[in-house]
Amino acid sequence: MAGKSEETGTGGSWLASLFERLKTAVEHATDMICSEEPETLDEAEKLARRAGVIARAAKLVDAIRPRVEAEDSEEDGMGGRIYDPEEDERLRRELVVHCERMDQILEEKRAEAAGFQRAETDLAGDPTASASVHSAG
């Protein structure tokens, strides 16, 4: 599948260019209708409809703005998140703490398993201990 850069051939700058062109068109249309002075009721209604169309277009064009701003900001390439060294350092410290805790748990489990292994070996080598375990159970 082609990515956004491959589809457009120009990377993400096409959205910024499109935004500027649409913004200019909406501003031009606004200037045109604001300079008109309707003389009749029909002309006033037409002017109001044009203003409504332009207002909806302006709202749609403005909806593009956050994406343009996100492309212009410093991104880390992972879901559009902003790179924050302090946040990265905090997460790294938390990860280290969790890893150390996991290592501690693993060591405890290995020591526990080794203790059980020694106990089984001792029981297998001592027939009286084995018999006493079976008779107790």
Side-chain angles (χ1 to χ4, degrees):
M1 262 174 119
K4 191 179 352 178
S5 298
E6 294 170 6
E7 289 174 359
T8 62
T10 61
S13 65
W14 70 273
L15 188 59
S17 173
L18 177 65
F19 172 75
E20 288 303 320
R21 290 179 62 199
L22 291 172
K23 182 179 166 193
T24 302
V26 169
E27 288 170 349
H28 180 68
T30 302
D31 291 341
M32 286 177 57
I33 66 161
C34 288
S35 66
E36 291 182 25
E37 291 292 327
E39 294 181 11
T40 66
L41 183 60
D42 281 343
E43 289 176 357
E45 287 176 358
K46 287 179 186 178
L47 187 61
R49 279 196 297 274
R50 284 189 230 142
V53 169
I54 292 170
R56 284 190 298 278
K59 184 177 179 182
L60 292 173
V61 170
D62 193 55
I64 297 172
R65 181 185 314 270
R67 291 187 60 190
V68 171
E69 290 170 353
E71 287 177 355
D72 291 341
S73 69
E74 181 182 351
E75 295 182 358
D76 67 0
M78 296 180 62
R81 291 180 18 157
I82 304 299
Y83 175 71
D84 181 7
E86 292 173 2
E87 177 73 5
D88 282 358
E89 183 59 28
R90 183 188 64 78
L91 290 172
R92 189 194 65 74
R93 284 192 309 268
E94 284 182 23
L95 181 60
V96 167
V97 168
H98 288 296
C99 287
E100 288 172 353
R101 177 72 180 129
M102 293 298 292
D103 287 342
Q104 180 184 2
I105 291 170
L106 286 171
E107 288 301 317
E108 290 171 3
K109 295 294 182 184
R110 286 183 186 132
E112 188 178 297
F116 286 137
Q117 185 70 25
R118 274 192 302 267
E120 287 179 2
T121 304
D122 291 344
L123 288 176
D126 185 8
T128 58
S130 179
S132 64
V133 170
H134 291 295
S135 63

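Because the structure is predicted, anything quoted here is derived from the model rather than measured.
- Taking Arg92 as the reference, Glu89 meet the salt bridge (charged side-chain N to carboxylate O under 4.0 Å, His left out) condition, with sequence neighbours excluded.
- In this structure, the side chains of Val96 and Glu100 come closer than 4.5 Å at one or more pairs of heavy atoms.
- The CG atom of Asp62 lies 11.5 Å from the CG atom of Leu22; values are rounded to the nearest 0.5 Å.
- In this structure Glu112 satisfies the side chain to side chain donor-acceptor pair (under 3.5 Å) test with no other residue, sequence neighbours excluded.
- At a threshold of 4.5 Å between side-chain heavy atoms, the hydrophobic network of Ile, Leu, Val, Met, Phe, Trp and Tyr places Val53 and Met32 in two separate groups.
- Separating the CD1 atom in Ile54 from the CZ atom in Arg50 is a distance of 8.0 Å, to the nearest 0.5 Å.
- Shown here are the side chain to side chain contact (heavy atoms under 4.5 Å, CB included) partners of Leu41, two or more places apart in sequence or in another chain: Glu45.
- Between the CZ atom in Arg110 and the CD1 atom in Ile105 there is a gap of 12.0 Å [rounded to 0.5 Å].
- Residues that satisfy the side chain to side chain donor-acceptor pair (under 3.5 Å) test with Glu94, not counting sequence neighbours, are Arg90.
- Evaluation of the side chain to side chain contact (heavy atoms under 4.5 Å, CB included) rule for Glu108 yields Gln104 as partners, not counting sequence neighbours.
- Listed by first and then second residue, the side-chain hydrogen bond (donor to acceptor under 3.5 Å, both in side chains) pairs involving residues 20-34 amount to none (not counting sequence neighbours).
- Residues Glu37 and Glu43 approach most closely at O-OE1, 4.5 Å, considering heavy atoms.
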